[in-house]
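Data first, discussion second: the structure below is written as structure tokens.
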Amino acid sequence: MEVIIEKIYQGVLNGDREIVIDSVQEAINAKIPADVILKESMMPAMAECGRLFEEGEYFVPELLIASRAMQGGMVLIKPLLITENVKSMGKIVIGTVKGDLHDIGKNLVGMMLEGAGLQVIDLGSDVDAEKFVEAVKTNDADLVGMSALLTTTMENMPVIINAIKEAGLKDHVKILVGGAPLTQAYADKIGADGYAPDASQAAKMAVNFLSEKKNNLT
Ligand code: B12
């Protein structure tokens, strides 16, 4: 088993989608449970990619290629995770805000979050307040992640935060924001719970919020 797990780990780390797909299939055939594949190979590999990114050894292209490789394997194990009834760490609704079509960073954040064990409900781009609120309600989400790449569209973030408050959902969800024009100061000003400058730190922050939530419940 270790050999296949290591092959998947290295495949994600090196962004080799074919190797990941073949090795994940091999692992499934060998009856390795889907959650073991996820937790012992793909998640640590994405965490390592995040570490390398923070240390300046990996850049956005390496992250995108690693994420694409992981996605190749995820397609195979997702249905099994559902039948094995593996609980995700928590649920996050993500989207790029209204008027904004930039989705590369948001997708990267989504993949890192998935790599960290969260269930990601991706609303796509150009998402208005109503859609965010509806998705939080229907999915009983723990977190909301909003992305904006334009100085004009980042102004839609407080509108969405207000709509979440008005719907009475603010006590149930933590709101994370990001995108190139954003800063911690802006996140504080609009009442977001967290800001992260990149996908790796976004995933760490999401995991921290979920651990805090779990600790508060116990
Ligand atoms: C690619 C791109 C496009 C593509 C988008 C394709 C796509 N599917 O995404 C296209 C060609 C469509 C495009 C269009 C436009 N673009 Co454009 N685009 C870019 C470009 C070159 C790269 C953006 C990108 O993908 N970066 C790479 C990703 C990985 O980085 P990122 O998005 O910042 O995400 C990281 C972090 O910010 C963070 N993060 C992101 N989201 C989130 C969310 C959360 C919750 C968290 C915690 C973290 C987080 O993590 C991510 C990963 O590490 C930038 C230039 C730049 N240097 O940013 C201009 C840029 C953003 N675009 C710009 C402009 C002006 C436009 C247009 C208005 C151009 C025009 N006149 O039509 C249109 C707007 C269309 C629209 N309505 O959205 C300007 C914005 C200026 C401003 N200050 O507002 C920029 C800065 C270029 C410039 N220097 O002028 N664009």
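When a ligand or atom number is given, it counts from 1 through the structure's own listing order. Along the sequence shown, residues are numbered consecutively beginning with 1.
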Below a 4.0 angstrom heavy-atom separation, can you tell me which part of L63, side chain or backbone, both or neither, approaches ligand 1?
neither

Got a salt bridge between D122 and K106, using NZ or NE/NH1/NH2 to carboxylate O under 4.0 Å?
yes

With heavy-atom distances below 4.0 Å as the criterion, list the atoms of ligand 1 near A202.
47 (C)

Side chains of V97 and I160 in contact at under 4.5 Å (non-hydrogen atoms):
yes

Heavy atom under 4.0 Å from ligand 1: found in I104's side chain, backbone, both, or neither?
both

Report the nearest protein non-hydrogen atom to atom 33 (O) of ligand 1: residue, atom name, distance rounded to 0.1 Å.
A180 N, 3.6 Å

Expected output: side-chain E62 to main-chain F59 donor-acceptor under 3.5 Å
yes

Is Y195 close to L176 at the side-chain level, that is, under 4.5 Å between some pair of heavy atoms?
no

Are there over 12 heavy-atom neighbours, none belonging to E212, within less than 6.0 Å of that residue's CD?
yes

Distance filter under 4.0 Å to D198 heavy atoms, resulting ligand 1 atoms
38 (C), 50 (O), 53 (O)

Can you list the ligand 1 atoms lying under 4.0 Å from a non-hydrogen atom of G145?
45 (C)

Atom 30 (O) of ligand 1: which protein heavy atom is closest, and how many Å away?
G105 CA, 4.3 Å

Is the backbone N or O of D16 less than 3.5 Å from a side-chain atom of N14, with the two atoms forming a donor-acceptor pair by type?
no

Could you check atom 36 (C) of ligand 1 against the protein and tell me its nearest heavy-atom contact, residue, atom and distance included?
P197 O, 3.3 Å

Answer yes or no for atom 48 (C) of ligand 1: protein heavy atom present at a distance under 4.0 Å?
yes

Is atom 85 (C) of ligand 1 in close reach of the protein, with a heavy atom under 4.0 Å away?
no

Any protein heavy atom sitting closer than 4.0 Å to atom 64 (C) of ligand 1?
yes

Side chains of V12 and M46, heavy atoms from C-beta outward: is any pair under 4.5 Å?
yes

Looking at atom 41 (N) of ligand 1, what's its closest protein heavy atom, distance included?
S147 OG, 2.7 Å

How far is atom 76 (C) of ligand 1 from the closest protein heavy atom, and which atom is that?
L101 N, 3.5 Å

Are the charged groups of D142 and K213 less than 4.0 angstrom apart, N to O?
yes

Polar contact flag for M146 and ligand 1 (N/O pairs, less than 3.5 Å)
no

Does any N/O atom on D103 come nearer than 3.5 Å to any N/O atom on ligand 1?
yes

Exam field: side chain R68 to backbone R17, donor-acceptor pair closer than 3.5 Å
no

Got a donor-acceptor contact below 3.5 angstrom from the D128 side chain to the K98 backbone?
no

Strictly inside 4.0 angstrom of atom 54 (C) of ligand 1, do you find any protein heavy atom?
no

Checking heavy atoms under 4.0 Å, the part of S125 that sits near ligand 1 is neither

Residues N29 and E26: side-chain donor-acceptor under 3.5 angstrom
no

Short N-O contact, E54 and K204, less than 4.0 angstrom:
yes

Check contact between G194 and ligand 1, using heavy atoms of the residue and a distance below 4.0 angstrom.
no

Nearest protein heavy-atom contact for atom 39 (N) of ligand 1: which residue, which atom, what distance?
G179 N, 3.5 Å

Considering only heavy atoms, does L108 approach ligand 1 within less than 4.0 Å through its side chain, its backbone, both, or neither?
side chain

Contact atoms of ligand 1, heavy-atom distance to L176 under 4.0 Å:
45 (C)

Nearest neighbour in protein (non-hydrogen) for atom 52 (C) of ligand 1:
A199 N, 3.6 Å

Taking the non-hydrogen atoms of G99, is any one of them nearer than 4.0 angstrom to ligand 1?
yes

Protein non-hydrogen atom found under 4.0 Å from atom 20 (C) of ligand 1:
no

Heavy-atom protein contact below 4.0 Å for atom 44 (C) of ligand 1
yes

Identify which protein N/O/S atoms are less than 2.8 Å from atom 17 (Co) of ligand 1.
H102 NE2

Heavy atom of protein inside 4.0 Å of atom 57 (N) of ligand 1, strictly below:
no

Less than 4.0 Å from atom 72 (O) of ligand 1, is there any heavy atom belonging to the protein?
no

Is a side-chain donor-acceptor pair under 3.5 Å present for Q184 with D188?
yes

Which protein non-hydrogen atom lies closest to atom 46 (C) of ligand 1, naming both residue and atom, and how far is it?
G178 CA, 3.5 Å

Quick check on contacts: which atoms of ligand 1 are under 4.0 angstrom from a heavy atom of D100?
78 (O)

Which pair of non-hydrogen atoms, one from G179 and one from L149, has the smallest distance, and what is that distance?
CA-CD2, 4.1 Å

Establish, from distance only, whether the side-chain atoms of Q71 and E114 form a donor-acceptor pair under 3.5 Å.
yes

Output yes when K170 and D193 qualify as a salt bridge under the 4.0 Å nitrogen-oxygen rule, no when they do not.
yes

Could you tell me whether a side-chain N or O of Y186 sits under 3.5 Å from a main-chain N or O of M154, the two making a donor and an acceptor?
yes

Show which atoms of ligand 1 fall inside a sub-4.0 Å distance from at least one heavy-atom site of V109.
39 (N), 42 (C), 48 (C), 49 (C), 50 (O)

Applying the side chain to side chain contact (heavy atoms under 4.5 Å, CB included) criterion to T96, which one of N156, T153, L101, D103 satisfies it?
D103

